[in-house]
Amino acid sequence: MKPLAYRVRPKDFKDIVGQDHLVGEKGVITKMLNNNTLFSMILYGQAGCGKTSIAEIIASHFPLSSFSFNASVDNKAKLIEISESTKYHENTVVIIDEIHRMKKDIQDFLLPYLENGSLILIGLTTENPYRAINPAIRSRCHIYRMNEISEADVIKLLRNTIQNEGLKQIDDEILKYIANVSSCEIRSALNILEIVNMLDQEDIKMENVVELVGKKSILIDEKGENFYDTTSAMIKSIRGSDPDAALHYLARLLKTEDLLFIGRRLMCLAYEDIGLGNPSIGPRVYAAVHSALELGLPEARLPLSYAVIDLATSPKSNSAYLAIDKALADLENLKSMKIPPHIVNKELKSGKYEYKYPHDYPNDYVEQQYMPDELLGKVYYEPKDTGNYERAIKKYLEFLKSQNK
């Protein structure tokens with residue numbers, strides 16, 4: 001018998017969990033299929049979030065030849081063979097897994113086929129494509145980020161699977177444990193469910209399930225507290241400048257052995273909560289996280305401990321986070337706004353629209369309009385007083401304002 005995760009692989013978008021922004025009723029990919037339109041795209045997100053299932057559903061919707069290619073193990077010869085099919089079919093779909101690992105010569109080979117549309121690429125990756133994928137490939141694809149799968153999504157999926165597959169009944173506490181132990185990775189959660197289903201009905205109890213799953217368990221303590229609650233507690237402890245509490249929660253999270261997840265949260269926090277209060281901390285945390293990934297456990301605890309203490313004891317400022325969110329909100333809520341013509345600077349030395357080069361003026365500053373007319377006087381960035389660096393920024397901005405008088 002085929003594995004459970006294979007048997008219940010979604011055959012329709014309605015069976016995909018957590019990705020309504022793409023494949024829900026109003027999702028962009030759903031609309032694409034409803035309009036019988038197909039274009040190259042890259043799907044990126046955590047392992048087990050449904051990338052492959054979405055790609056296969058898209059390919060099955062169209063009466064086209066479709067092929068799979070894994071950039072980690074397949075070679076250029078296979079891609080040449082796939083491209084040959086375009087001589088006999090107007091369009092060919094190629095699903096490329098781990099596209100971030102694709103070698104440059106293979107990427108270059110693909111470009112003309114993507115350019116003329118004879119190959120439709122659906123790339124799958126766990127990495128950020130804006131950093132990990134060749135810009136030439138990226139510019140020819142629509143890029144869609146997959147949502148992280150929530151605990152609630154996994155529990156719902158497990159319940160449906162138990163009902164549809166006629167599996168043994170499992171209580172909610174154990175389903176919650178399975179969601180946590182799998183790091184909310186759907187494939188892993190289904191594999192665990194299949195193992196648990198091997199127990200007799202009367203033996204499906206928490207202690208037996210924990211023993212069956214083994215050391216991979218993400219029981220963060222003996223009570224099996226929620227993985228994401230513990231992550232939130234660590235972040236809030238750092239934000240609250242309590243290094244001891246932050247280290248306690250880091251220690252719990254290290255039991256999960258999910259170094260990538262922990263590292264990403266710390267890097268995000270460095271820019272969201274510390275920011276300009278201590279601008280050098282971002283590169284320091286980045287270096288610590290990458291050292292942890294290189295070292296692996298148990299040594300990874302050392303750079304991660306360093307990062308957590310550094311973050312918790314640092315001056316805090318969320319001014320950059322607040323500023324960009326205000327700017328993004330205006331972009332969503334206001335109509336299109338024109339850039340002032342002298343900033344576009346297409347008419348050099350035209351008098352009225354001449355751009356003033358700040359370095360030609362005292363203190364490298366000259367007053368002129370940069371904001372679109374609709375946003376004149378709008379303030380997004382408001383410096384805080386928690387760190388020396390941002391206090392200096394505040395003083396400098398006040399000095400510039402005084403030059404306008």
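We use all heavy atoms of the structure for the numbers below, so side chains are in, but hydrogens, waters and symmetry mates are not.
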Looking only at side-chain N and O atoms, does [Y] offer a donor or acceptor that is under 3.5 Å from a partner on [X]?
{"X": "Tyr113", "Y": "Glu115", "result": "no"}
{"X": "Asn35", "Y": "Thr37", "result": "no"}
{"X": "Asp325", "Y": "Tyr380", "result": "no"}
{"X": "Asn318", "Y": "Lys384", "result": "yes"}
{"X": "Lys236", "Y": "Ser232", "result": "yes"}

- Item | Verdict with supporting geometry, Arg239 and Asp273, salt bridge (Lys or Arg N to Asp or Glu O under 4.0 Å) | CA-CA 6 Å; Arg239 187 182 294 142; Asp273 290 299; 2.8 Å; yes
- Item | Close side-chain approach of Gln46 and Met146, heavy atoms under 4.5 Å |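 They are not in contact (no side-chain heavy atoms under 4.5 Å apart), so the answer is no.
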- Message: A side-chain contact here means heavy atoms from C-beta on lying under 4.5 Å apart; do Val93 and Phe62 qualify?
- Response: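 Val93 does not reach Phe62 side chain to side chain.
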Report, as yes or no, whether the 6.0 Å neighbourhood of atom [atom1] on [X] holds more than 12 heavy atoms from other residues, nucleotides or ligands.
{"X": "Arg9", "atom1": "CZ", "answer": "yes"}
{"X": "Lys11", "atom1": "NZ", "answer": "yes"}
{"X": "Tyr389", "atom1": "OH", "answer": "no"}
{"X": "Lys356", "atom1": "NZ", "answer": "no"}

- Query: Relative to each other, are the rings of His142 and Phe39 parallel, tilted or perpendicular (30° and 60° limits)?
  - Reply: tilted
- Message: Here's a test for you: under side-chain contact (heavy atoms from CB on, under 4.5 Å), which of Asn147, Asp153, Ile29, Leu43 qualifies with Gln19?
- Response: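 Among Asn147, Asp153, Ile29, Leu43, the one meeting side-chain contact (heavy atoms from CB on, under 4.5 Å) with Gln19 is Asn147.
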What is the minimum heavy-atom distance between [X] and [Y], and which atoms define it?
{"X": "Leu295", "Y": "Ala300", "value": "CB-N, 4.3 Å"}
{"X": "Val154", "Y": "Cys184", "value": "CG2-CA, 3.8 Å"}
{"X": "Ala288", "Y": "Pro303", "value": "O-CB, 3.3 Å"}
{"X": "Ala136", "Y": "Ser139", "value": "O-OG, 3.0 Å"}
{"X": "Gly387", "Y": "Pro315", "value": "CA-CB, 4.0 Å"}
{"X": "Glu185", "Y": "Gly48", "value": "CG-CA, 3.6 Å"}

- Message: For Lys78 and Glu81: C-alpha separation, side-chain torsions, deciding distance, then whether salt bridge (Lys or Arg N to Asp or Glu O under 4.0 Å) applies.
- Response: CA-CA 5 Å; Lys78 180 174 180 179; Glu81 184 181 334; over 6 Å; no
- Mind jotting down which residue pairs meet the salt bridge (charged side-chain N to carboxylate O under 4.0 Å, His left out) criterion with at least one end in residues 292-305? Sequence neighbours excluded, please.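 Applying salt bridge (charged side-chain N to carboxylate O under 4.0 Å, His left out) to every pair that reaches into residues 292-305, excluding sequence neighbours, yields nothing.
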- Note on the structure: Value for CD1 (Ile95) from OG (Ser68), rounded to nearest 0.5 Å, stands at 4.5 Å
